[in-house]
Amino acid sequence: ALLQAAAELKAPHHLGLTATASGFYGFQGRNVPGFPPRDPELWKHLAQVGVLNLEMESSTLFTLASLRGVRAGTVCAVYAQRPRNEFIAEGDIPAAEARAINVGLRALEVLHAIDQAKGQAPYWYPALGLK
């Protein structure tokens with residue numbers, strides 16, 4: 001649903017692995033005075049296993065959703081390419097956040113359409129399409 005929403009809205013997107021860090025500074029490999037990184041080459045190690053995103057909430061979200069038996073997904077606005085120390089312009093942040101919100105909201109509409117199409121069936125088969 002998130003991929004479909006991003007494609008429909010022509011939002012730049014990437015489907016892939018994310019890592020959830022338990023902190024903002026040292027736990028994410030940031031070299032900030034007073035918060036030494038636990039692993040100064042964290043990005044390199046994560047990239048070697050295909051992780052391109054690092055954030056702080058998704059793991060908890062997916063765990064709670066799993067415990068409650070509900071669906072969950074994550075849309076992340078990208079502000080930085082930290083291995084290259086490149087950041088988006090501050091003025092571009094609101095647009096990035098708005099795209100993420102709009103993708104999430106459209107994905108809810110897509111999920112609703114899937115639920116309507118599958119009815120009482122336990123699964124929906126994408127190849128059958130939406131009616």
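Hydrogens, waters and symmetry mates are skipped; everything else that's a heavy atom, side chains included, is used. Keep in mind that what you see is a predicted model, and the values were worked out from it rather than measured.
For the pair Ala5 and Val103, the tightest heavy-atom approach, listed with the atom from each and the gap, is CB-O, 3.4 Å. A pairwise comparison of heavy atoms in Ala77 and Ala96 identifies CB-O, 3.8 Å as the closest pair. Residues Ala7 and His13 approach most closely at N-CE1, 4.0 Å, considering heavy atoms. What you find for Ala21 and Leu54 is that their closest heavy atoms are CB-CD1, 3.9 Å. The two atoms that bring Ile88 and Ile93 nearest to each other are CD1-CG1, 3.8 Å, heavy atoms only. Here the closest heavy-atom approach between residue Leu61 and residue Ala72 is recorded as CG-CB, 4.1 Å.
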Point to revise | Steps toward side chain to side chain contact (heavy atoms under 4.5 Å, CB included) verdict (Val110, Arg106) | key: CA-CA 6 Å; Val110 170; Arg106 176 63 188 131; 3.7 Å; yes
Point to revise | Verdict with reasoning, Asp115 to Arg71, per side chain to side chain contact (heavy atoms under 4.5 Å, CB included) | key: CA-CA 12 Å; Asp115 289 345; Arg71 295 178 281 208; 2.7 Å; yes
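Each of Thr74, Asn53, Thr63, Thr18 was evaluated against Ser58; a single residue qualifies, Thr74, per the side chain to side chain donor-acceptor pair (under 3.5 Å) test.
Looking at Lys44 and Asp39, no side-chain N of the basic residue comes within less than 4.0 Å of a carboxylate O on the acidic one, giving no salt bridge.
Atom CG of Leu67 is separated from atom CZ of Phe62 by 13.5 Å, given to the nearest 0.5 angstrom. Atom-to-atom distance recorded for Cys76:SG and Glu57:CD is 8.0 Å, nearest 0.5 angstrom. For the atom pair Asn102 CG and Glu8 CD, the distance stands at 12.5 Å (nearest 0.5 Å). For the atom pair Gln116 CD and Leu111 CG, the distance stands at 11.5 Å (nearest 0.5 Å). Between the CD1 atom in Ile114 and the OH atom in Tyr123 there is a gap of 15.0 Å [rounded to 0.5 Å].
There is no path of hydrophobic side-chain contacts, each under 4.5 Å, that joins Leu15 to Val78. Taken together through direct or relayed side-chain contacts under 4.5 Å among Ile, Leu, Val, Met, Phe, Trp and Tyr, Leu64 and Val70 form parts of separate hydrophobic clusters.
A donor-acceptor contact closer than 3.5 angstrom links the side chains of Thr20 and Glu55. Checking Glu90 against Tyr79 by side-chain atom types alone, no donor-acceptor pair falls below 3.5 Å.
Counting non-hydrogen atoms of neighbouring residues, nucleotides and ligands closer than 6.0 angstrom, the NE2 atom of His112 reaches no more than 12 such neighbours.
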